[in-house]
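Notes to accompany the following structure.
Being a predicted model, the structure only gives us computed values, none of them experimental. Below, chain A is the first sequence line, B the second, and so on; all start at residue 1.
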There are 2 protein chains.
Amino acid sequence: MLWAVPKIPQPPLDEVDRSIVRVLAQNARIANNALADEVGVAASTCLARVRSLRDRGVIRGFQADVDLSALGMPLQAMISVRLRAHTREQNESFRSVAPGLPGVLEVFHMAGSDDYLLHVAVADSDALRDFVVDHLTTHPAVGQTQTNLIFERMAGSRFPEPGR
Amino acid sequence: MLWAVPKIPQPPLDEVDRSIVRVLAQNARIANNALADEVGVAASTCLARVRSLRDRGVIRGFQADVDLSALGMPLQAMISVRLRAHTREQNESFRSVAPGLPGVLEVFHMAGSDDYLLHVAVADSDALRDFVVDHLTTHPAVGQTQTNLIFERMAGSRFPEPGR
DNA sequence: GCATCTTCCGAATACCGTTCGGCCTGCTTT
DNA sequence: AAAGCAGGCCGAACGGTATTCGGAAGATGC
């Protein structure tokens with residue numbers, strides 16, 4: 001089964017760790033010694049901290065933020081998906097394929113009446129229709145879908161702190 | 001006004017550019033010479049390409065992917081926001097603050113009956129209620145909101161290619 | 001076929017990543 | 001309270017990398 005959590009228990013983050021994560025969340029390609037300066041530790045210490053954060057799963061990876069228009073996929077949409085039945089099997093069969101469908105940026109498994117929310121990027125409205133028809137409505141577990149175009153996507157903080 | 005697009009016109013991406021972006025989208029901290037090897041150009045050329053991609057706005061930045069649970073914000077939600085009126089002023093007043101609200105990961109300006117969709121991370125359900133009450137329902141431009149919990153978020157491709 | 005412009009490469013150097021030994025701090029043991 | 005122990009931090013050293021620059025190769029226009 002898939003219950004095993006691949007995360008080392010939980011040594012909580014101290015202030016240095018949080019600073020490292022905060023900086024890397026905004027600038028993943030900063031040089032290690034510059035990062036060390038910024039958070040106030042030696043470069044070697046900083047390196048060990050970053051490695052530890054990665055090993056513990058706090059930092060999952062580093063990614064470039066790409067302009068999808070430049071890649072020829074200027075149109076984005078949110079697609080609500082309601083499954084035909086809410087069995088564990090249908091959920092599993094949809095969940096296992098959804099993130100890999102072409103153009104899918106994120107998949108949200110939702111509480112509430114809609115089971116899944118798909119954030120997708122496509123070349124144009126034809127491609128969007130093709131995506132829904134070819135991959136969603138033809139999927140045996142999918143009941144209904146509803147597609148909403150996204151005018152604009154704005155990024156918020158990627159290092160959320162509790163708002164008092 | 002805000003119409004000026006800060007993007008150099010559009011020299012379309014060649015195969016090398018696309019390979020660079022594809023690799024960096026998955027591993028933003030790869031060494032430049034390793035990246036150069038992978039895409040088949042000299043290190044100096046690769047460096048110039050990456051710089052050009054950044055200058056052109058194709059690559060917007062580099063980020064660490066952080067486990068929000070480790071930061072103490074294990075709960076995520078999607079909040080649909082309907083404005084009181086759909087004037088340009090109300091849109092502008094909401095759009096200008098929404099991405100900066102505490103815990104907001106993404107803001108989507110939507111076509112359709114719901115005007116905005118907020119993807120947020122919070123510490124617990126109390127913090128979620130506080131967020132909605134303190135920042136949304138009290139905002140003068142906000143009419144109704146609807147909050148849906150996210151059971152699970154799965155990342156799709158961050159380098160979408162057209163699915164034929 | 002020549003001039004020009006662009007792009008790529010490879011070498012050189014300055015910079016950075018990474019390892020390692022030793023020190024300091026705080027905790028346990030007696 | 002002193003000794004012993006463990007963990008983490010630092011700084012120096014070295015091996016590897018980023019970045020610059022001059023020149024060569026290719027493309028473009030006349």
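In this structure, L24(B) and V66(A) have side chains that are not in contact, with every pair of non-hydrogen atoms separated by 4.5 Å or more. Side-chain contact between S96(A) and E92(A): present, with at least one pair of heavy atoms (C-beta onward) separated by less than 4.5 Å. Using a 4.5 Å cut-off on side-chain heavy atoms (C-beta onward), S93(B) and E89(B) make no contact. Contact check for H135(B) versus V104(B): no side-chain heavy atoms found under the 4.5 Å cut-off.
Contact annotation: R51(B) does not reach the phosphate of dA18(D) (side-chain N/O to OP1 or OP2, under 4.0 Å).
Nearest to the side chain of R49(B), among dC8(C), dG17(C), dT18(C), sits dC8(C). Ranking dC8(C), dT18(C), dT19(D) by closeness to the N32(A) side chain, first place goes to dT18(C).
Protein atom CG of L47(B) is 13 Å distant from nucleotide atom C1' of dC8(C), rounded to whole Å. Atoms CG (D37(A)) and P (dC10(D)) sit 11 Å apart, rounded to a whole Å.
Note on residues 47-70 of chain A: no pairs pass ring-ring contact (aromatic ring centres under 6.0 Å, His included), not counting sequence neighbours. Evaluation of the salt bridge (Lys or Arg N to Asp or Glu O under 4.0 Å) test over residues 107-127 of chain A, restricted to residues two or more places apart or in two chains, returns R82(A)-D114(A). Among residue pairs with one or both ends in residues 43-53 of chain B, those qualifying as side-chain hydrogen bond (donor to acceptor under 3.5 Å, both in side chains) are D14(B)-R49(B), D17(B)-R49(B), S52(B)-R56(B); sequence neighbours excluded. Counting only residues at least two apart or on different chains, the salt bridge (Lys or Arg N to Asp or Glu O under 4.0 Å) pairs with a member in residues 22-48 of chain A are R22(A)-E161(A). Sorted by first and then second residue, the pairs that involve residues 83-104 of chain B and meet ring-ring contact (aromatic ring centres under 6.0 Å, His included), not counting sequence neighbours, are F94(B)-Y116(B), F94(B)-H139(B).
Among residues two or more places apart in sequence or in another chain, the side chain to side chain donor-acceptor pair (under 3.5 Å) test is passed with D130(A) by none.
Residue L13(B) is grouped with residue I59(B) when hydrophobic side chains (ILVMFWY) are merged at heavy-atom distances under 4.5 angstrom, including chains of intermediate members.
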Show me, pair by pair, the donor-acceptor contacts under 3.5 angstrom made by side chains of residues 142-154 of chain A, not counting sequence neighbours?
residue : atom : partner : partner atom : Å
E152(A) : OE1  : R95(B)  : NH1          : 2.4
E152(A) : OE1  : R95(B)  : NH2          : 3.4
R153(A) : NE   : E106(B) : OE1          : 2.8
R153(A) : NH2  : E106(B) : OE1          : 2.7

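Contacts with DNA chain C (heavy atom under 4.0 Å) in residues 13-30 of chain B: none are found. The stretch residues 38-46 of chain B touches DNA chain C through V41(B), A42(B), S44(B), T45(B), each having a heavy atom within less than 4.0 Å of the strand.
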> Along nucleotides 22-27 of chain C, 5' to 3', which nucleotides get a B, which get an S, and which get a -, given that the test is a protein heavy-atom distance under 4.0 Å?
Replying inline: ------
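A donor-acceptor pair under 3.5 Å is formed between the side chain of N32(A) and the backbone N or O of A43(A).
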Between the protein and nucleotides 13-16 of chain D, are there any N/O to N/O pairs under 3.5 Å, and if so, what are the atom names and distances?
none

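Comparing the axis of the opening five pairs of the helix from dG1(C)-dC30(D) to dT30(C)-dA1(D) with that of the closing five pairs yields an angle of 30°, rounded to 10°.
When the shell of 6.0 Å around CD of Q90(A) is examined, it contains more than 12 heavy atoms from other residues, nucleotides or ligands.
Here the CG atom belonging to D67(B) is positioned 4.5 Å from the CZ atom belonging to R60(A), to the nearest 0.5 angstrom.
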